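Only this structure's heavy atoms are used, side chains among them; waters, hydrogens and symmetry mates stay out. Each chain gets a letter, A, B and so on, in the order the sequences are listed, and its residues count up from 1. Not measured: the values here are computed from a predicted model.
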Amino acid sequence: MFFKNILYHFGRYVMMLGTAIARPEKVSMYYKETMRQMNDIGIGSLFIVCLIAIFIGAVTAVQFSYQLDGTLVPVYYIGYVVRDMTIIELAPTFTCLVLAGKVGSNIASEIGGMRQKEHIDAMEIMGVNTAAYLILPKVIAALVVIPMLVAVGAFISIIGGYLASVPTGVMADADYIKGLRSFFDPFNVTMMFIKAVVFAFILTTVSCYQGYHVRGGSIELGQASTNAVVFSDILILVADYLLAVILTS
Amino acid sequence: MIRTKDIFKSFGENEVLKGITTEFYKGKTNLIIGRSGAGKTVLLKLLVGLLNPTSGEVWYDDTKFFSLNKKEVRAIRMQVGMLFQASALFDSMTVEENIRFPLDMFTNMTYKEKRKQVDICLERVSLPEVNDSFPSEISGGMQKRVGIARAIVLNPRYLFCDEPNSGLDPKTSIVIDELILDITKEKNITTVINTHDMNSVMEVGENIILLHNGEIAWRGHRGEVLESDNEILQDFIFASPFLQRLRTSALGK
């Protein structure tokens with residue numbers, strides 16, 4: 001029964017994406033909607049992403065300096081570890097887990113609300129491909145904007161690490177900079193962007209799926225919103241592991 | 001004209017429609033009436049393709065609806081306007097943006113032309129100067145009229161109205177009924193109205209089918225309602241003792 005259920009939802013999810021990838025009725029309308037979504041997802045999430053990123057960087061620096069205490073590992077390694085930890089793992093994963101909560105639940109509620117108020121039916125009857133009009137702009141916007149947010153998040157995290165270690169006297173400014181410039185592998189940045197794109201796709205499409213197929217009333221809408229966050233988070237973590245295996249092997 | 005042929009619809013074990021064969025005529029207000037749970041909304045949703053029948057056919061003039069591909073279905077739907085029970089206006093858009101939405105989506109008109117078309121539609125439903133209001137800022141009756149304006153903005157050949165009077169006072173209901181009747185005549189379109197409002201039946205019922213337990217229990221027009229001996233019809237239309245007395249006195253019995 002469990003696997004049958006998974007197959008049922010996976011099939012419906014794939015079918016929804018199949019319908020969503022279609023030629024727009026009017027490119028200008030889709031463009032306008034995509035821009036609106038970019039603003040909502042990008043600018044609307046910038047503050048929370050920066051806030052979380054600065055603490056991630058700071059905590060990573062503090063924890064690592066605690067672990068280095070009394071060891072022979074040079075202190076400038078703190079900069080190196082903060083940089084790689086945030087670029088490879090913390091910035092894409094944390095940012096997207098947070099965005100699954102903020103953007104994902106918002107998408108599921110928005111589309112689910114439209115379904116319940118018969119807005120989707122109204123559009124269908126007008127001849128609009130609702131799967132395409134409601135989903136495609138959100139996915140495109142997320143695929144463009146979320147990697148940018150992740151990049152900003154990584155940069156802010158590194159600043160967070162600096163603020164937690166240099167002004168507090170844990171290490172000298174020059175040491176932190178030295179750490180940041182040591183052992184740099186540009187592929188790590190590629191890995192960060194690959195993760196960001198995959199996670200962005202997961203969190204938007206899963207949330208759209210939950211909202212698009214909502215039934216019932218406000219309780220079901222709340223459940224759809226919660227499911228959007230929970231399933232997006234689970235799938236992001238699974239994808240994170242798989243990508244880590246694939247990209248580092 | 002819209003025709004249905006032997007429409008059956010089930011939800012699991014529950015058979016909601018049982019062999020509906022009927023015609024909805026062009027230039028007339030066609031009413032689907034019946035008690036709650038009779039299958040009216042399911043039939044209306046089947047007619048516009050929001051639901052698929054278990055078996056049976058729906059014809060839009062010479063086009064068999066459920067054998068069309070997605071592109072052809074969209075082409076038909078661009079000739080369809082629908083007024084929803086709760087109006088289904090996009091609440092984050094203004095009245096003007098709501099009515100303009102189909103024009104934005106499907107036409108290459110300039111902004112000025114679209115604005116003019118919106119004004120014509122609002123004028124037609126007697127709602128000038130609400131362009132910049134949001135749906136939540138206007139009354140239920142006004143929302144219905146905006147819904148009608150949006151439904152006719154692309155000059156449809158078929159107009160569907162799901163419970164157009166629900167939640168409205170009797171006076172406003174009559175205004176909405178008359179508006180739908182006038183538009184039907186003016187544009188010579190096929191209008192299908194799903195209602196359980198007795199006033200609508202008597203005011204605009206040019207072609208009526210009464211659904212009862214998923215079957216057509218009676219068909220006729222408003223002129224035949226009073227004199228019909230059909231018990232299900234009389235039970236539905238003249239439900240209260242007051243209305244029964246009214247009927248008796250009208251018939252001079």
Side-chain angles (χ1 to χ4, degrees), chain A residues 8 12 15-37 39-40 44 106-138 211-218 221, chain B residues 11 41 44-51 68-93 97-111 114 135-136 143 146-147 150-154 156 158-163 192:
Chain A
Y8 169 75
R12 238 174 23 150
M15 279 169 67
M16 182 196 77
L17 291 183
T19 316
I21 301 164
R23 198 175 155 192
E25 292 89 355
K26 193 81 177 288
V27 175
S28 60
M29 288 290 280
Y30 279 65
Y31 175 77
K32 210 169 112 186
E33 182 62 13
T34 307
M35 289 298 131
R36 188 178 76 84
Q37 293 296 335
N39 183 55
D40 283 1
N106 188 29
I107 287 174
S109 308
E110 181 186 320
I111 298 180
M114 290 182 78
R115 167 71 73 196
Q116 291 182 335
K117 289 183 204 162
E118 295 183 307
H119 294 175
I120 293 182
D121 287 348
M123 283 187 189
E124 281 283 340
I125 287 166
M126 287 174 200
V128 178
N129 178 352
T130 54
Y133 182 65
L134 296 175
I135 295 168
L136 204 55
K138 289 180 174 60
Y212 196 74
H213 290 101
V214 77
R215 296 173 71 183
S218 52
L221 185 57
Chain B
F11 295 98
T41 301
L44 199 76
K45 284 189 172 177
L46 274 164
L47 291 176
V48 294
L50 288 177
L51 289 173
L68 302 175
N69 61 36
K70 280 183 184 173
K71 204 176 163 188
E72 291 165 330
V73 167
R74 291 212 179 96
I76 286 275
R77 280 183 170 163
M78 284 180 66
Q79 301 172 33
V80 169
M82 182 153 177
L83 171 64
F84 284 82
Q85 188 172 352
S87 300
L89 298 175
F90 308 133
D91 33 25
S92 53
M93 294 183 189
E97 286 166 343
N98 263 283
I99 301 171
R100 211 176 60 211
F101 184 82
L103 299 173
D104 285 338
M105 197 56 118
F106 298 111
T107 71
N108 291 318
M109 293 162 89
T110 61
Y111 177 75
K114 285 187 269 194
S136 58
Q143 286 180 17
V146 174
R150 187 178 67 180
I152 61 170
V153 73
L154 284 176
Y158 313 97
L159 178 64
F160 295 90
C161 306
D162 186 14
E163 306 275 9
V192 182

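Between chain A and the options B/A88, B/G147, B/P102, the largest number of non-hydrogen pairs under 4.5 Å is found for B/A88.
Contact annotation for A/M126: both backbone and side-chain heavy atoms come within less than 4.5 Å of a heavy atom of chain B. In this structure, the portion of B/L89 lying under 4.5 Å from any heavy atom of chain A is its backbone and not its side chain.
Around atom OH of A/Y8, no more than 12 heavy atoms belonging to other residues, nucleotides or ligands sit under 6.0 Å away. Other residues, nucleotides and ligands contribute more than 12 heavy atoms inside 6.0 Å of the CE atom of B/M93.
For the atom pair CZ (B/F101) and CE (A/M29), the distance works out to 4.5 Å, reported to the nearest 0.5 Å. Here the CD1-CG distance, from A/I120 to B/L50, works out to 11.5 Å after rounding to the nearest 0.5 Å.
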Present all donor-acceptor pairs from chain A to chain B with distances below 3.5 Å, rounded to 0.1 Å.
residue : atom : partner : partner atom : Å
A/K26   : NZ   : B/D104  : O            : 2.9
A/K26   : NZ   : B/T107  : O            : 2.6
A/K117  : NZ   : B/D91   : OD2          : 2.7
A/H119  : NE2  : B/L89   : O            : 2.8
A/E124  : OE1  : B/R77   : NH1          : 3.2

Q: Show your working on side chain to side chain contact (heavy atoms under 4.5 Å, CB included) between B/F84 and A/I125 and close with a plain yes or no.
A: CA-CA 11 Å; B/F84 284 82; A/I125 287 166; 3.6 Å; yes
